[in-house]
Amino acid sequence: MSIELTPLPFKASLLEPFISERTVQLHHGGHQAAYVRNLNSMMELEGDTRSLIEVIQDSTGSTFNNAAQIWNHEFLWKSLTPPGTSPSIELQEELNRAFGSTEVFISQLIQAGATHFGSGWAWLVHDGSKLQITTTANAELPSLTTSQPLLTIDVWEHAYYLDYQNRRPEYLEAVLRNLINWQHIEEQLRISSTLTHRN
Ligand code: MN
């Protein structure tokens, strides 16, 4: 069974003006597609029939890197949505409890991504007891067994260089203030059961 390139959940032009259509197309159809191609050819070569998650949890080196980058990018596109949405009252309360306010959460996520050295990802995760911001290097992702990722943003240069050149903080400001898919965070939180088990 081969790994597929998951289609974007929105038209590539709909993140404009914050991320250009050209960047989204190259990011998805160029970079993400290459990870899919690479992983499929490595797995075929080895007669490997594991699922993507199994590969991520039980591989090292370039097999891990390509598999994890596929997962990270699928999660990235779910984390973003065309502008105009806002968090539910329930999610705002969760963010207030963890960070003080939604605004502070966004600022801290921008800061985390802006100060992460080199390629990688900034995340909002639920670690089993609380919401937390974290970053990972290169293809690394938070543990899928001990935590629940809720949101990610890509800080590899390929995610922003065409639109923002070296101005990573400006990219993060634009994307995280306008394109966060709050509904996705809420769905992921429900998976981690924290909303339903609270009270
Ligand atoms: Mn990327």
Side-chain angles (χ1 to χ4, degrees), residues 3 6 9 32 35 39 50-81 85-156 159 168-169 172-173 175-199:
I3 308 290
T6 308
Q32 186 176 345
Y35 297 127
L39 184 66
R50 291 174 296 171
S51 70
L52 185 63
I53 295 284
E54 287 170 333
V55 174
I56 289 170
Q57 289 174 336
D58 193 28
S59 300
T60 56
S62 58
T63 308
F64 169 83
N65 286 336
N66 284 284
Q69 283 293 80
I70 294 166
W71 195 94
N72 292 345
H73 282 88
E74 288 179 1
F75 199 78
L76 167 70
W77 302 123
K78 292 182 203 157
S79 294
L80 304 180
T81 196
T85 66
S86 53
S88 67
I89 299 291
E90 206 176 22
L91 178 56
Q92 286 180 41
E93 286 169 359
E94 291 283 347
L95 294 169
N96 292 349
R97 254 191 296 283
F99 304 103
S101 69
T102 302
E103 173 54 36
V104 172
F105 156 66
I106 293 173
S107 300
Q108 287 187 8
L109 189 57
I110 291 169
Q111 181 69 11
T115 55
H116 176 82
F117 186 79
S119 294
W121 302 83
W123 304 82
L124 174 67
V125 303
H126 193 278
D127 71 0
S129 58
K130 61 183 183 309
L131 297 183
Q132 206 178 339
I133 289 171
T134 185
T135 65
T136 57
N138 303 317
E140 295 286 337
L141 60 154
S143 165
L144 299 177
T145 48
T146 62
S147 70
Q148 176 68 49
L150 308 177
L151 177 88
T152 195
I153 185 71
D154 191 340
V155 300
W156 285 60
R168 188 194 288 183
L172 290 167
E173 288 274 351
V175 170
L176 296 175
R177 294 198 186 284
N178 296 284
L179 303 177
I180 288 182
N181 186 350
W182 300 103
Q183 201 187 328
H184 173 67
I185 299 180
E186 287 156 22
E187 285 163 8
Q188 297 302 112
L189 258 179
R190 251 174 255 131
I191 292 173
S192 75
S193 291
T194 55
L195 282 177
T196 45
H197 289 176
R198 196 163 42 80
N199 299 327

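Numbers here simply count residues along the sequence, with the first being 1. All values reported here derive from a predicted model rather than from experimental measurement. What you see below is based on every heavy atom in this structure, not just the backbone, and it leaves out hydrogens, waters and symmetry mates.
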> With no hydrogens and no angle check, do the side chains of Q32 and W77 hold a donor and an acceptor under 3.5 Å apart?
Replying inline: yes
> From W123 CH2 over to S79 OG, what is the distance, rounded to the nearest 0.5 angstrom?
Replying inline: 7.5 Å
>> For S88, is there any backbone N or O sitting under 3.5 Å from a side-chain donor or acceptor partner on E186?
In response: yes
> Closest approach of A139 and N72, non-hydrogen atoms and distance?
Replying inline: O-ND2, 3.0 Å
>> Could you report the tightest heavy-atom contact between I180 and T85, atom names first, then the distance?
In response: O-OG1, 3.4 Å
> What's the spacing between L150 CG and R190 CZ if we round to 0.5 Å?
Replying inline: 12.0 Å
> Do you know the tightest heavy-atom contact between P142 and V125?
Replying inline: CG-CG1, 3.7 Å
> In Å, rounded to the nearest 0.5 Å, how long is the span from CD of E94 to NZ of K130?
Replying inline: 13.5 Å
>> Does W121 form a side chain to side chain contact (heavy atoms under 4.5 Å, CB included) with T134? I'd like the steps, not just the answer.
In response: CA-CA 8 Å; W121 302 83; T134 185; over 6 Å; no
> So, do I191 and E187 sit near enough that their side-chain heavy atoms are less than 4.5 Å apart?
Replying inline: no
> Could you give the distance from OG (S59) to CG (L52), rounded to the nearest 0.5 Å?
Replying inline: 9.5 Å
> Taking D127 for the side chain and S129 for the main chain, is one N or O donor matched with an acceptor at less than 3.5 Å?
Replying inline: yes
>> In the structure I gave you, are the side-chain heavy atoms of F64 and V55 within less than 4.5 Å of one another anywhere?
In response: no
> What are the two closest heavy atoms between P149 and L144, and how far apart are they?
Replying inline: CG-CD2, 3.7 Å
> Could you state the interatomic distance from CZ (R168) to CH2 (W156), rounded to the nearest 0.5 Å?
Replying inline: 11.5 Å
>> Would you compute the distance between atom CG of N96 and atom CZ of F105 and round it to the nearest 0.5 angstrom?
In response: 12.0 Å
>> Can you see whether T63 engages N65 through a side-chain donor-acceptor pair at a distance of less than 3.5 angstrom?
In response: no
> Is it the case that T6 and E74 place a side-chain donor and acceptor less than 3.5 Å from each other?
Replying inline: yes
> For the residue pair F75 and H184, does the interplanar ring angle fall in the parallel (under 30°), tilted (30 to 60°) or perpendicular (over 60°) class?
Replying inline: perpendicular
>> When you measure from the side chain of E54 to the backbone of S51, do you find a donor-acceptor pair of N or O atoms at a distance under 3.5 Å?
In response: yes
> For L141 and A68, which heavy atoms make the closest approach, and how far apart are they?
Replying inline: CD2-CB, 3.6 Å
> When you look at L189 and H126, which way does the side chain to side chain contact (heavy atoms under 4.5 Å, CB included) test go after all the steps?
Replying inline: CA-CA 8 Å; L189 258 179; H126 193 278; 4.0 Å; yes
>> Using the rule side-chain contact (heavy atoms from CB on, under 4.5 Å), only one of N181, L109, I133 pairs with L151; which is it?
In response: L109
> What do you reckon, is CD of Q183 surrounded by more than 12 foreign heavy atoms closer than 6.0 Å?
Replying inline: no
>> Taking side-chain contact (heavy atoms from CB on, under 4.5 Å) as the criterion, tell me which of L176, L172, L95 meets it with I106.
In response: L176
> Is it true that the side chains of Q69 and N66 contain a donor and an acceptor less than 3.5 Å apart?
Replying inline: no
>> Is there a side chain to side chain contact (heavy atoms under 4.5 Å, CB included) between T81 and L179? Walk through the geometry before answering.
In response: CA-CA 5 Å; T81 196; L179 303 177; over 6 Å; no
>> Please check: side-chain N/O of H116 versus main-chain N/O of S119, any donor-acceptor pairing under 3.5 Å?
In response: yes
> Ion pair present between R177 and E103, side-chain N to carboxylate O less than 4.0 angstrom?
Replying inline: yes
